[in-house]
Amino acid sequence: MTLRLYDTATREVRDFVPLEEGRAGVYVCGLTVQSEPHVGHVRSGVNFDVLQRWLRHSGYEVTFIRNVTDIDDKILAKAEAQGRPWYAHAAVMKRELDRAYAALNVAPPTYEPAATGHVPEMVELIETLIEKGHAYAAEDGSGDVYFDVRSWPAYGELTSQRIDDMEAAEDADPRGKRDPRDFALWKGRKPAEPATASWPSPWGRGRPGWHIECSAMAGKYLGSAFDIHGGGVDLRFPHHENEQAQSRAAGHPFASYWLHNAWITTAGEKMSKSLGNSLTIPSVLERFRGIELRFYLVAAHYRSHVEFSFEALEESAAGFGRIEGFLDRVGGAAEVEKGALPQAFADAMDDDLGTPAAVAVLYDAVREGNRLLQAGDAAAAREQAGAVRTMLDVLGLDPADPAWSTGSRDAGRADALTTAVDVLVRGLLDQRAEARAAKDFAAADAIRDRIKAAGVEVEDTPDGPRWSLGNTGSTV
RNA sequence: GGUGGGUUGGCCGAGAGGCGAGGCAACGGACUGCAAAUCCGUCUACACGGGUUCAAAUCCCGUACCCACCUCCA
């Protein structure tokens with residue numbers, strides 16, 4: 001089976017046929033670095049990270065671009081509210097975003113272009129659009145440049161909408177637009193805005209519109225035609241529709257496939273910066289490990305709406321614990337040699353990144369491995385573990401991946417702490433072993449209870465007792 | 001008004017005409033001094049009303065409810 005992907009533009013699952021054999025160019029809309037990232041933002045990062053990993057695993061040489069929008073109205077507003085330059089605010093938020101991605105083992109893209117670093121490319125693209133008659137400078141002297149929606153008959157094709165059916169934005173500030181649906185390619189500088197937030201252009205100082213950023217950056221790093229463009233569903237319109245219109249009107253074929261990940265909502269409402277109900281990554285990470293959050297996100301299909309809850313995350317983490325438990329029992333994930341990927345897993349992934357079915361295959365292998373372990377067939381169990389580790393690795397969930405520890409600044413201390421606890425717990429377990437040998441079970445159980453009260457679970461195995469941090473996780 | 005999506009067992013969450021996804025929880029059994037962990041088993045669901053079909057959770061028609069986008073948004 002070959003990879004098949006659901007293309008939003010055609011609304012069907014299609015075979016993935018790259019423009020150039022063996023290579024895949026992917027552009028994903030990153031974030032506007034204006035506030036702390038929340039679970040929803042990171043879902044997109046994780047979903048497309050899985051796509052990237054699967055493409056790589058399938059043998060593609062992948063160029064993966066994820067941009068950063070580091071200048072926009074909200075950044076300017078928030079920076080001003082906090083009394084610091086907009087670029088300082090953007091830089092701080094960018095760092096938060098990087099931490100969040102690292103905490104969830106989202107691999108860095110091949111390039112991560114920032115909008116402010118590509119203004120000349122944007123100006124050039126706008127000039128091309130004006131030359132071709134698809135854009136015009138506002139006649140009201142604002143310095144704005146708009147895309148002429150009526151000049152591009154295909155406008156609306158990505159989201160199958162007709163211009164005449166679209167609601168004209170209420171705030172459609174006419175500002176010299178020929179049609180209220182025309183959108184800004186370039187925004188002339190407003191007197192109240194800081195001088196540093198504007199760049200010179202043929203139309204006077206100003207800054208780029210949001211949509212043109214992605215068109216220019218995708219073109220620069222992936223060429224005028226590329227394979228996959230991704231982002232969240234909300235971006236379909238207007239952002240992606242506009243990107244496609246601009247790029248095609250300028251003569252570039254642009255993306256062959258459009259992939260959109262669905263939302264994560266909380267209490268039925270979408271997580272949004274403006275609603276302020278965000279579940280920021282740092283706050284979730286106080287209660288769950290990054291690998292658990294990633295597993296929770298990967299276990300749902302990327303096109304399915306997820307209703308976030310800590311209860312569901314808790315259940316998911318419990319399930320992941322069973323996978324980790326198996327790897328531990330077999331000698332520790334790091335000691336397991338990665339094996340071949342089960343065909344059923346590959347088939348699931350090839351089917352529009354069917355991670356739920358893939359995870360089911362993962363659990364089948366874990367159960368079989370545990371069964372073999374119980375039957376005393378350690379060699380066969382290790383083989384299953386090898387498959388398990390490979391599957392986890394493809395999903396970015398390999399517990400032995402150093403990314404999980406280096407992401408934390410406290411990793412070194414945590415290791416030291418584990419060693420210290422190990423020595424202490426082992427001392428107690430030795431006492432318990434003596435008590436058990438003497439059939440003094442009351443004393444043995446008392447010791448186990450003391451250990452458990454400290455949050456450490458003990459399990460007896462044929463090779464002696466093992467301890468682990470119990471599910472102290474959160475009681476919600 | 002236009003566009004797109006959803007409603008699945010106690011819960012989470014797949015599937016998309018026949019074949020019990022998977023996970024969590026619960027219960028029973030095996031194992032254990034007792035636990036824990038693990039394995040085996042039980043729990044046979046697809047919003048509602050029609051229709052098509054030998055066969056429908058899946059296709060068609062209708063109804064209800066929910067959500068997203070059309071404005072900054074992953």
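Computed from a predicted model, the values in this text were never measured in an experiment. All heavy atoms count here, side chains included; hydrogens, waters and symmetry mates do not.
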Item to check | Residue among A:F310, A:F308, A:F320 satisfying ring-ring contact (aromatic ring centres under 6.0 Å, His included) with A:Y296 | outcome: A:F308
Item to check | P atoms of B:A64 and B:C27, separation to the nearest Å | outcome: 43 Å
Item to check | Rounded distance in Å between the P positions of B:C59 and B:G5 | outcome: 12 Å
Item to check | Sidechain N-carboxylate O distance under 4.0 Å for A:D73, A:K78 | outcome: no
Checklist outcome for this item: Closest to the side chain of A:A360, out of B:G2, B:A74, B:G22, is B:G22
Next on the checklist: Go nucleotide by nucleotide along RNA chain B from the 5' end; which of A:P238 and A:D364 gets its closest nucleotide reached first?
Outcome noted: A:D364
Checklist entry - Atom CZ of A:F295 to atom P of B:G22: distance rounded to whole Å? => result 14 Å
Checklist entry - Stepwise, does the side chain to side chain contact (heavy atoms under 4.5 Å, CB included) test hold for A:C29 with A:N67? => result CA-CA 6 Å; A:C29 286; A:N67 73 289; 4.2 Å; yes
Checklist entry - A:D182 side chain to A:V149 main-chain N or O, any donor-acceptor pair under 3.5 Å? => result yes
Item to check | Spacing between A:I264 atom CD1 and B:G13 atom P, to the nearest angstrom | outcome: 10 Å
Item to check | Pairing partner (Watson-Crick or G-U wobble, both distances under 3.5 angstrom) of B:G1 | outcome: B:C70
Next on the checklist: Please confirm whether the shortest side-chain N or O distance from A:N370 to OP1 or OP2 of B:C39 is below 4.0 Å.
Outcome noted: yes
Next on the checklist: Do A:I65 and A:P109 have side chains that approach each other closer than 4.5 Å (heavy atoms only, starting at C-beta)?
Outcome noted: no
Checklist entry - What distance, rounded to whole Å, do you find between the two C1' atoms, one in B:G22 and one in B:C65? => result 28 Å
Checklist entry - Checking all strands, does A:G231 fall into the base, sugar-phosphate, or nothing category for heavy-atom contacts under 4.0 angstrom? => result sugar-phosphate
Checklist entry - What nucleic acid atoms does A:G30 come within less than 4.0 Å of, heavy atoms only: base, sugar-phosphate, or nothing? => result sugar-phosphate
Checklist entry - Charged N to carboxylate O under 4.0 angstrom, A:R294 versus A:D49? => result yes
Item to check | pair A:E112-A:D98: side-chain heavy atoms closer than 4.5 Å | outcome: yes
Next on the checklist: Please report the distance, rounded to the nearest Å, between CG in A:L327 and P in B:U38.
Outcome noted: 13 Å
Checklist entry - Counting just side-chain N and O atoms, does A:R466 come under 4.0 Å of either OP1 or OP2 of B:A36? => result no
Checklist entry - Quick one: A:K94 NZ to B:A74 C1', roughly how many Å, whole number? => result 16 Å
Checklist entry - Expressed as a whole number of Å, how far does the C1' atom of B:A56 sit from that of B:C46? => result 11 Å
Item to check | B:G18 to B:A68 separation - C1' atoms, rounded to the nearest Å | outcome: 35 Å
Checklist outcome for this item: Given the options A:R4, A:R303, A:R14, A:D352 meets salt bridge (charged side-chain N to carboxylate O under 4.0 Å, His left out) only with A:R303
Checklist entry - Of all the choices, B:G2, B:C72, B:G22, which nucleotide is nearest to the side chain of A:K74 once you look at every atom? => result B:C72
Next on the checklist: Please pick, from B:G23, B:A36, B:A74, the nucleotide with the shortest atom-to-atom distance to any side-chain atom of A:R322.
Outcome noted: B:G23
Next on the checklist: Aromatic contact between A:Y257 and A:H229, with the criterion being ring centroids under 6.0 Å apart: yes or no?
Outcome noted: no
Next on the checklist: Categorize A:H301 for me: base, sugar-phosphate, or nothing, with a 4.0 angstrom heavy-atom threshold over every strand shown.
Outcome noted: sugar-phosphate
Set out, line by line, the N/O atom pairs under 3.5 Å between protein and nucleotides 30-33 of chain B.
unit_1: B:G33; atom_1: N7; unit_2: A:R436; atom_2: NH2; d: 3.3
unit_1: B:G33; atom_1: O6; unit_2: A:R436; atom_2: NE; d: 3.1
unit_1: B:G33; atom_1: N1; unit_2: A:D445; atom_2: OD1; d: 3.1
unit_1: B:G33; atom_1: N2; unit_2: A:D445; atom_2: OD2; d: 2.7

Checklist entry - Can A:R66 be said to sit on top of A:Y101's aromatic six-ring, NZ or CZ under 6.0 Å from centre and within 45° of the ring axis? => result yes
Checklist entry - What are the residues of residues 377-385 of chain A, sorted by number, that bring a heavy atom to within less than 4.0 Å of RNA chain B? => result none
Next on the checklist: Give me the distance, rounded to whole Å, that separates B:C31 from B:C39 when you measure between the C1' atoms they each carry.
Outcome noted: 9 Å
Checklist entry - Should we say atom CD of A:Q161 is surrounded by more than 12 heavy atoms from elsewhere, each under 6.0 Å from it? => result yes
Next on the checklist: For the P atoms, the ones on B:U58 and on B:A74, what distance do you get once it is rounded to whole angstrom?
Outcome noted: 37 Å
Item to check | Watson-Crick or G-U wobble partner of B:U63, both distances under 3.5 Å | outcome: B:A47
Next on the checklist: Less than 4.5 Å apart, side chain to side chain, heavy atoms only: is that true for A:V62 and A:V26?
Outcome noted: yes
Item to check | Centroid-centroid distance, A:Y146 to A:F183, less than 6.0 Å | outcome: no
Checklist entry - Is it true that a side-chain atom of A:R178 and a backbone atom of A:D148 form a donor plus acceptor pair closer than 3.5 Å? => result no
Checklist entry - Rounded to the Å, how far apart are A:D164 CG and B:U3 P? => result 13 Å
Checklist entry - Rounding to a whole Å, what distance do you find between A:D449:CG and B:A36:C1'? => result 12 Å
Next on the checklist: Regarding A:T8, tell me which of base, sugar-phosphate or nothing describes its non-hydrogen contacts under 4.0 Å with the strands shown.
Outcome noted: nothing
Checklist outcome for this item: To the nearest angstrom, the CZ-P distance between A:F183 and B:C72 comes to 11 Å
Checklist entry - Does B:A36 have a Watson-Crick or wobble mate here (both distances under 3.5 Å), and if so which one? => result none
Checklist outcome for this item: Between OH of A:Y302 and P of B:G15 the distance, given in whole Å, is 11 Å
Checklist entry - B:A16 pairs with which nucleotide, Watson-Crick or G-U wobble, both distances below 3.5 Å? => result none
Checklist entry - Which whole number of Å gives the distance between the P atom of B:U8 and that of B:A45? => result 15 Å
Under-3.5 Å N/O pairs linking protein and nucleotides 4-7 of chain B:
unit_1: B:G4; atom_1: OP1; unit_2: A:R11; atom_2: NH1; d: 3.3

Next on the checklist: For A:H240 and A:H260, I'd like to know if the aromatic rings sit close, meaning centre-to-centre distance below 6.0 Å.
Outcome noted: yes
Checklist entry - Taking any strand in view, what nucleotide pairs with B:C11 in a Watson-Crick or G-U wobble way, both distances under 3.5 Å? => result B:G23
Next on the checklist: Over all strands shown, is A:V458 touching base, sugar-phosphate only, or nothing at heavy-atom distances under 4.0 angstrom?
Outcome noted: base
Checklist outcome for this item: The nucleotide from B:G2, B:C12, B:A74 with an atom nearest the side chain of A:E315 is B:C12
Checklist entry - Which listed nucleotide (B:A36, B:C24, B:U38) is nearest to the side chain of A:E459? => result B:A36
